[in-house]
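Quick caveat: nothing in here was measured; it's all calculated off a predicted structure. Below, read A as the first sequence line, B as the second, and so on, with proteins coming before strands; counting in each chain starts at 1.
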There are 2 protein chains.
Amino acid sequence: MAAHTHPSGRRSTIYSVAQACGVSSSTVSRAFTRPDLVRDDVRERILSTAAAMGYRPNRSARATATGRTAMLGLVVPDITNPFMPPLVRAVQRAAADIGCSVTLMDAEESAGAETQLIGQLHGQVDGLILASPRASSRALAEAIDELPCVLVNRVVKELPSVVCDNSGALAHLGDRLAGHGHRTFALLSGPSASWAAKQRARAIRAWANRKEDAGVSLVELGPFDASYDGGRRAGAALLDTAATAAFAFDDVMACGVLAELDARDVQVPMQRSVVGCDDVLLARMVTPSLTTVAAPMAALGDTAITLLHHRIANPGIAAETVTLSGTPVVRDSTAPPAPPAP
Amino acid sequence: MAAHTHPSGRRSTIYSVAQACGVSSSTVSRAFTRPDLVRDDVRERILSTAAAMGYRPNRSARATATGRTAMLGLVVPDITNPFMPPLVRAVQRAAADIGCSVTLMDAEESAGAETQLIGQLHGQVDGLILASPRASSRALAEAIDELPCVLVNRVVKELPSVVCDNSGALAHLGDRLAGHGHRTFALLSGPSASWAAKQRARAIRAWANRKEDAGVSLVELGPFDASYDGGRRAGAALLDTAATAAFAFDDVMACGVLAELDARDVQVPMQRSVVGCDDVLLARMVTPSLTTVAAPMAALGDTAITLLHHRIANPGIAAETVTLSGTPVVRDSTAPPAPPAP
DNA sequence: ATGAAAGCGCTAACAC
DNA sequence: GTGTTAGCGCTTTCAT
């Protein structure tokens with residue numbers, strides 16, 4: 001493996017390749033970016049000598065010339081949230097398909113950091129994907145300022161977004177539980193600032209209302225942190241109610257609920273049923289495995305990139321928001337309620 | 001928020017700012033990159049009118065001019081592995097401290113993709129961090145070709161790296177278990193191609209050898225996948241042995257072991273003790289919570305970036321490998337063995 | 001199909 | 001301390 005540097009010690013450029021091939025730099029450039037514009041034999045000669053010389057196109061130079069960086073920014077509120085990695089992967093894969101790489105920014109749960117990071121991304125990326133941003137709509141709009149962008153799991157007026165609607169799946173799971181004989185349900189709600197938490201709470205309330213005639217009643221608990229510890233607290237709160245089944249804000253919280261119930265010797269699903277949301281890896285790993293609503297990660301990522309791509313190509317296009325649906329996944333944390341004590 | 005574009009519709013540049021301020025473009029440039037070189041009042045005037053005009057430095061242009069992109073590449077074998085997010089975060093934070101952003105590449109568990117991604121990063125980043133790469137040393141070296149880089153949790157001759165040594169912590173945990181009365185231990189080893197798996201196996205073997213006189217014996221099982229399912233299989237295998245305590249390759253595997261034992265009504269820690277490795281978030285969330293070895297994530301990230309930074313500044317410097325240590329964390333998955341059946 | 005030349009936005013000597 | 005002037009490596013008219 002020879003060091004692929006020009007004899008002079010400098011990296012090779014289209015110029016050195018051009019010289020070596022006895023063609024002009026433009027032809028070399030074309031050989032890489034518009035292969036169809038250069039005669040086959042010439043192109044092949046260029047490509048092979050370029051490879052031999054270890055030539056690598058300089059992305060920055062290309063970017064200054066074209067005005068496109070071929071990079072997308074992805075900002076997440078918290079990369080350690082198990083919801084994110086699959087999303088990151090999906091976004092990245094889709095971005096690769098359109099020839100872009102993605103620079104990841106973790107806001108470490110700070111809304112302030114979010115807007116600051118967005119600012120930093122200006123002039124560095126062609127567009128932005130904001131996953132469940134926590135910053136206020138106003139702050140967001142201001143930080144984004146003209147940069148093409150799409151939100152994931154949050155809608156803000158005037159901004160395109162792709163969101164996951166779990167109401168159908170949640171209702172399905174609710175029906176199933178009601179069918180099992182559950183009547184009193186608990187809603188363990190997530191952070192009040194969370195758009196997703198609002199949506200999920202709304203969905204569950206709506207379902208419960210529809211089922212009122214069937215004797216279903218809903219007790220709302222929280223808000224709790226969307227964390228394991230938040231879940232522990234939610235689990236404790238749950239036991240103070242008559243609810244036999246609980247909807248946790250997400251799988252992580254549900255996981256905390258499971259732990260708290262276990263710690264208090266309350267059996268799941270025998271004595272309480274609990275359902276999570278998102279279907280993160282974790283959901284399969286805990287005992288009992290979680291009944292939950294699977295988010296269409298890959299589709300979320302794909303759609304976000306498609307929307308963004310479209311938006312980069314047609315600036316000033318109207319903001320649309322596409323809605324995908326979650327899918328109910330039944331596992332071991334739900335079952336018929338225990339028979340009333342004798 | 002007005003659209004921050006030049007009246008002409010184009011983005012503002014150092015030139016438009018310079019014109020608006022009645023100074024030369026270099027002064028504007030300096031005001032941003034070497035503030036100390038420009039008189040206070042001038043600098044302030046420049047900065048404020050720049051802000052008013054919505055000027056944002058163009059990173060690509062800067063990069064072509066300086067030859068530095070201020071971007072680092074981070075390639076991970078599998079972003080969904082819970083070990084990675086904290087590492088990613090740490091790396092990112094440290095990178096930010098030296099003024100760099102990081103573009104994340106997920107190889108989706110394919111060694112081939114790894115080298116391909118590395119190739120893609122050439123001419124796009126100033127340096128590379130490779131987290132537990134799976135590609136062969138040869139393939140790696142070839143793909144890296146001259147690009148400054150540092151490996152995390154893997155050592156390859158001629159390449160700088162930062163690794164985590166868990167042997168001390170593992171031995172500590174082993175001693176503790178032996179002190180509890182355990183005598184037969186199982187080593188549930190990880191993928192044979194994994195550098196980390198080799199190291200951990202070696203550490204545990206060495207410890208067991210040292211303890212032979214104390215009656216400690218070790219049975220080696222595996223290799224198993226470093227996954228939940230791998231852990232389930234490992235758990236099943238464990239029950240075919242006389243071992244009362246097991247070292248799993250990592251927390252994810254340990255988690256599978258826990259599930260399998262639970263499924264077979266084997267109580268942890270009463271009937272079997274199990275220890276994981278890494279201390280991922282998961283370790284705290286499962287029931288019982290895992291005794292494990294905490295990896296110094298933040299330090300790993302910091303050190304990797306420091307090494308890389310140093311290496312970018314001084315090309316051709318000798319490759320050093322720095323070793324950090326894991327810390328034992330005792331939780332609920334370990335305890336004295338059950339008394340021999342009467 | 002190929003070449004010549006201008007320009008992308010910024011930095012970095014080098015002068016003043 | 002500030003302005004002048006070359007580039008950085010690449011793309012892209014515009015000719016030929």
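Here D:dG9 presents its P atom at 11 Å from CZ of A:Arg11, a figure rounded to the nearest Å. Rounded to whole angstrom, the span from the OH atom of A:Tyr55 across to the C1' atom of D:dC10 amounts to 7 Å. Rounded to an integer number of Å, the gap from CZ of A:Arg59 to C1' of D:dG9 is 14 Å. When the C1' atom of C:dT11 is taken as reference, atom CG of B:Asn58 falls 13 Å away, rounded to whole Å. Distance A:Leu37 CG to C:dG3 P: 13 Å, rounded to the nearest Å. Note: CG (B:Asp40) to C1' (D:dG1) measures 11 Å, nearest angstrom. The interatomic distance linking B:Arg30 (CZ) with D:dG3 (C1') rounds to 8 Å, in whole Å. Nucleotide D:dG3 holds its P atom 13 Å from the CD atom of B:Gln19, rounded to whole Å.
Considering only side-chain atoms of A:Ala61, the nucleotide from D:dC10, D:dT2, C:dT2 that sits closest is D:dC10. Distance from the side chain of A:Ala65 is smallest for D:dC10 among the nucleotides C:dA4, C:dG9, D:dC10. Here the nucleotide nearest the side chain of A:Thr66, chosen from D:dC8, D:dC10, D:dT11, is D:dT11. Proximity note for A:Ile14 (side chain, C-beta onward) versus D:dC10, C:dG9, C:dG3: the nearest is D:dC10.
Two residues, A:Val38 and B:Ser60, neighbour DNA chain C, and the one matched to the more 5' nucleotide by heavy-atom proximity is A:Val38.
The closest side-chain heavy-atom distance from B:Phe32 to B:Leu47 is below 4.5 Å. By the 4.5 Å heavy-atom criterion applied to side chains, A:Leu117 and A:Thr115 are not counted as neighbours. No side-chain heavy atom of B:Met84 sits less than 4.5 Å from a side-chain heavy atom of B:Asp78.
Not a single donor-acceptor pair, N or O on each side, falls under 3.5 Å between the base of C:dG3 and the side chain of A:Ser25. Below the 3.5 angstrom threshold, one finds no donor paired with an acceptor across the side chain of B:Arg34 and the base of D:dG1. Residue side chain B:Ser26 reaches the base of D:dT4 through a donor-acceptor N/O pair under 3.5 Å, judged by distance alone. Judged by atom type and distance alone, B:Arg56 does not reach the base of C:dG9 through any side-chain donor-acceptor pair under 3.5 Å.
Of the residues in residues 118-127 of chain A, not one comes within less than 4.0 Å of DNA chain C through any heavy atom.
Using a 4.0 Å cut-off, no side-chain N or O of A:Thr64 falls inside it from OP1 or OP2 of C:dC8. Contact check, B:Ser24 against D:dT2: no side-chain N or O comes under 4.0 Å of OP1 or OP2. Of the side-chain N and O atoms in B:Tyr15, none sit less than 4.0 angstrom from OP1 or OP2 of D:dG3. For A:Arg39 and C:dA1, the shortest distance from a side-chain N or O to OP1 or OP2 is not below 4.0 Å.
A donor-acceptor pair under 3.5 Å is absent between the side-chain atoms of B:Glu320 and the main chain of B:Pro160, judged by distance alone.
Across all non-hydrogen atoms, the minimal contact from B:Thr69 to B:Ala63 is CA-CB, 3.9 Å.
A salt bridge links B:Arg56 with A:Asp145: the distance from a Lys NZ or Arg NE/NH1/NH2 to an Asp or Glu carboxylate oxygen falls below 4.0 Å. Taking the charged nitrogens against the carboxylate oxygens, B:Arg11 and A:Glu146 have no contact shorter than 4.0 Å, which rules out a salt bridge.
Residue A:Thr33 is classed as a sugar-phosphate contact, given heavy-atom separations below 4.0 Å to backbone atoms only.
Note that CZ of B:Arg30 is 13.5 Å distant from CZ of B:Arg39, once rounded to the nearest 0.5 Å.
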